[in-house]
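Basis for what follows: all heavy atoms, side chains included, without hydrogens, waters or symmetry-related copies.
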Amino acid sequence: MKIIEVADYRALSKVASEIIIKQVQQKPNAVLGLATGGTPIGTYRYLVEDYQKNQTSYHKIHTINLDEYIGLNHEDSRSYSYYMNDHLFQDINIPPEQTILPNATNSDCQKESEKYEERIESLGGIDLQILGLGENGHIGFNEPGTSFASKTRVVKLTESTRNANARYFQSIDEVPTYAISMGIATIMKSKEIILLVSGKNKATILTQLLTSNITEELPASILKTHPNVTVIADKDALSLT
Ligand code: GLP
C-alpha cells in the first residue's frame, strides 16, 4: 500500500478528487466505485467544483456504490442513494441510469445482490474504487469476521457501526440493522483502490491497519495484498503511527 500523508481533510479531499478526475480524463467510460459516509463528501465537492470550472465529462462514466441500507428508499434522505444524488450526481452530467446502487427495497435482496455482482462483471469491473474506513476496520459494510471470499450480499450491521452512523438518524433505533454490501472479493477485483482516512477518531484503527497481519478480524487488512492501493490519510488520522 502506498501512503500519501496530507495536512488535513481539505488536502485529502483535493488529492482524492485529482486522482478521480485523472481517471475520468484518461478513460472517459471508466467504472468508478463510490463510497458514502462523512469522509468522501469533500472529495465529491471538489469533483463538482472541477466539473463547473472545467466541464470534466461524466456522460460515459458508470458508478457503482459499495452499499445501501435495507429498507430505505431513494427518497429517504438517510439512504445512500439520496446521499449520492445530493453530494454528486445531481451536480455533474452523469446519466442517472449509469449511477448504480443496490436496490435495497427489493423484496428479494439476495437476488438483488447476485444481480449486482453480475452488473459489475458486465461493465468489465471497477477501474477505480474509493473506500472509507470504518472505526472497526470495515470497508463497505463488511464487518470484522467477514470472509475475504465474500461477494455482494445481505449483511447485518454491528452495534458499533450502527452507533457510528447514528448521527445521521434521530435515534439509534432508526438506524437500519441490515444492508446490502459489495463483498470483500468484489472490492479486491477493482483495478485500483484509494482508501480515505481522516480525523483523530480513525487514528487507532489506522495504526492497527498499518501494523497488523492480514486477518478477517480487520477487513481492510486485505488491501495490503492488492497491487494498486493508495491510502490517503491526514495528520490527525496518522497521529498515533
Ligand atoms: C459507513 C459506510 C462505509 C464508510 C464508513 C466510514 O459504515 N458503509 O462505506 O466508509 O461508514 O464512514 P465515515 O467516512 O463517515 O467515517
- [ ] Would you indicate whether the side-chain heavy atoms of Gln208 and Ile205 approach each other to under 4.5 Å?
- [x] yes
Open item on the list: Less than 6.0 angstrom separating the ring centers of Tyr168 and Tyr69, yes or no?
Closed with: no
Open item on the list: Testing the basics here: between Ile139 and Ala220, what is the closest heavy-atom pair and its distance to 0.1 Å?
Closed with: CG2-CB, 3.9 Å
Task: salt bridge (Lys or Arg N to Asp or Glu O under 4.0 Å) partners for Lys151, two or more places apart - done: none
Open item on the list: Nearest 0.5 Å, please: how far is OG1 in Thr161 from CG in Asn136?
Closed with: 4.0 Å
Open item on the list: Can a side-chain donor-acceptor contact be found between Ser57 and Asn93 if the only test is distance below 3.5 angstrom?
Closed with: yes
Task: Atom pair OH (Tyr58) and CD (Gln98), whose distance is rounded to the nearest 0.5 Å - done: 13.5 Å
Task: Least distance between heavy atoms, Ala104 atom then Cys109 atom - done: O-SG, 4.1 Å
TODO: Determine, stepwise, if the pair Leu238 / Leu210 fulfils side-chain contact (heavy atoms from CB on, under 4.5 Å).
DONE: CA-CA 10 Å; Leu238 286 163; Leu210 297 178; 4.1 Å; yes
Open item on the list: Quick test of your reading: applying salt bridge (charged side-chain N to carboxylate O under 4.0 Å, His left out), list the pairs with at least one residue in residues 214-226, sequence neighbours left out, ordered by first then second residue.
Closed with: none
TODO: May I ask whether Tyr80 and Val48 are part of the same hydrophobic cluster, defined by side-chain heavy atoms of I, L, V, M, F, W, Y residues being less than 4.5 angstrom apart, directly or through others?
DONE: yes
TODO: Kindly indicate whether the side chain of His226, heavy atoms from C-beta on, has any atom under 4.5 Å from the side chain of Ile222.
DONE: no
Open item on the list: Once salt bridge (Lys or Arg N to Asp or Glu O under 4.0 Å) is applied, do any residues pair with Arg10, and if so which ones, sequence neighbours excluded?
Closed with: none
TODO: Report whether Leu66 and Leu209 are members of the same hydrophobic cluster (ILVMFWY, side-chain heavy atoms less than 4.5 Å apart, transitive linking).
DONE: yes
TODO: Would you indicate whether the side-chain heavy atoms of Glu5 and Lys235 approach each other to under 4.5 Å?
DONE: yes
Open item on the list: Let me confirm one number: the CD1-CG distance from Ile4 to Leu196, rounded to the nearest 0.5 Å.
Closed with: 10.0 Å
Task: Backbone of Met182 reached by a side-chain donor or acceptor of Asn142 within 3.5 Å - done: yes
TODO: Please list, chain by chain and in numerical order, all residues satisfying salt bridge (Lys or Arg N to Asp or Glu O under 4.0 Å) with Arg162, sequence neighbours excluded.
DONE: Glu159
Open item on the list: With clusters defined by side-chain heavy atoms of hydrophobic residues (ILVMFWY) lying less than 4.5 Å apart, directly or transitively, does Ile61 cluster with Ile64?
Closed with: no
Open item on the list: Strictly by salt bridge (charged side-chain N to carboxylate O under 4.0 Å, His left out), give each pair with a member in residues 88-109 just once, sequence neighbours left out.
Closed with: none
Task: Flag, side chain of Ser150 to backbone of Ile184, donor-acceptor distance under 3.5 Å - done: yes
Task: Heavy-atom check, side chain of Thr63 versus side chain of Met84, under 4.5 Å - done: no
Task: Pairing residues for Asp234 by the side-chain hydrogen bond (donor to acceptor under 3.5 Å, both in side chains) criterion, not counting sequence neighbours - done: Ser198
Open item on the list: Would a single hydrophobic cluster contain both Val15 and Ile3, if residues Ile, Leu, Val, Met, Phe, Trp and Tyr are joined by side-chain heavy-atom contacts under 4.5 Å?
Closed with: no
TODO: Could you note down all residue pairs passing salt bridge (charged side-chain N to carboxylate O under 4.0 Å, His left out) where residues 68-86 supplies at least one of them, sequence neighbours left out?
DONE: Asp76-Arg78, Arg78-Glu174
Open item on the list: Is there a side-chain contact between Val6 and Lys14 in this structure, where contact means two heavy atoms from C-beta onward sitting under 4.5 Å apart?
Closed with: no
Task: Pairing residues for Glu118 by the salt bridge (Lys or Arg N to Asp or Glu O under 4.0 Å) criterion, not counting sequence neighbours - done: none
Open item on the list: If you define the side chain from C-beta out and look only at heavy atoms, does anything of Ile100 sit under 4.5 Å from His62?
Closed with: yes
TODO: Give a yes-or-no answer on whether the side chains of Ser160 and Glu135 include a donor-acceptor pair shorter than 3.5 Å.
DONE: no
Open item on the list: Running the 4.5 Å side-chain criterion over Ile, Leu, Val, Met, Phe, Trp and Tyr, what cluster does Tyr178 land in, apart from itself?
Closed with: Ile70, Val154, Ile180
Open item on the list: As an exercise, state the distance from OG1 of Thr56 to CD of Glu49, rounded to the nearest 0.5 Å.
Closed with: 11.5 Å
Open item on the list: Does any part of the side chain of Thr186, heavy atoms only, come nearer than 4.5 Å to the side chain of Tyr116, both counted from C-beta?
Closed with: no
Open item on the list: Has Asn213 got a side-chain atom pairing as donor or acceptor with Thr215's backbone, closer than 3.5 angstrom?
Closed with: no
Task: Test side-chain contact (heavy atoms from CB on, under 4.5 Å) applied to Leu88 and Thr99, step by step - done: CA-CA 11 Å; Leu88 184 64; Thr99 63; over 6 Å; no
TODO: Look up atom OG1 in Thr43 and atom CG in Leu12, then write down how far apart they are to the nearest 0.5 Å.
DONE: 6.0 Å
May I have the list of side-chain donor-acceptor pairs in residues 26-38 shorter than 3.5 Å, sequence neighbours left out?
unit_1	atom_1	unit_2	atom_2	d
Lys27	NZ	Asp127	OD1	2.9
Lys27	NZ	Asp127	OD2	3.2

Task: Spacing of CG belonging to Leu223 relative to CD1 belonging to Ile214, to within rounding of 0.5 Å - done: 10.0 Å
Open item on the list: Do the side chains of Lys115 and Glu112 get close enough for a salt bridge, i.e. N-O under 4.0 angstrom?
Closed with: yes
TODO: Show your working on side-chain contact (heavy atoms from CB on, under 4.5 Å) between Leu101 and His74 and close with a plain yes or no.
DONE: CA-CA 10 Å; Leu101 283 98; His74 65 277; over 6 Å; no
TODO: Determine yes or no for a side-chain-to-main-chain donor-acceptor pair under 3.5 angstrom, with Gln55 supplying the side chain and Gln52 the backbone.
DONE: yes
- [ ] Find out whether Thr152 and Pro102 are in side-chain contact, i.e. whether some heavy atom of one side chain is under 4.5 Å from a heavy atom of the other.
- [x] no
Open item on the list: For Ser17, give me all partners under side-chain hydrogen bond (donor to acceptor under 3.5 Å, both in side chains), at least two apart in sequence or on another chain.
Closed with: none
Open item on the list: Count I, L, V, M, F, W, Y as connected when their side-chain heavy atoms are under 4.5 Å apart, and connections chain through other members. Are Ile41 and Ile92 then in the same cluster?
Closed with: yes
Open item on the list: Restricting to ring pair (Phe, Tyr, Trp, His ring centres under 6.0 Å), what partner residues turn up for Tyr44, sequence neighbours left out?
Closed with: none
TODO: Look at the side chain of Tyr9 and the backbone N and O of Thr39, then say whether any donor-acceptor pair between them is shorter than 3.5 Å.
DONE: yes
Task: Nearest atoms (heavy-atom pairs only) where Pro219 meets Phe148 - done: O-CE2, 3.8 Å
Open item on the list: Tell me the closest heavy-atom pair linking Asn228 and Lys191, and the distance in Å.
Closed with: CB-O, 3.5 Å
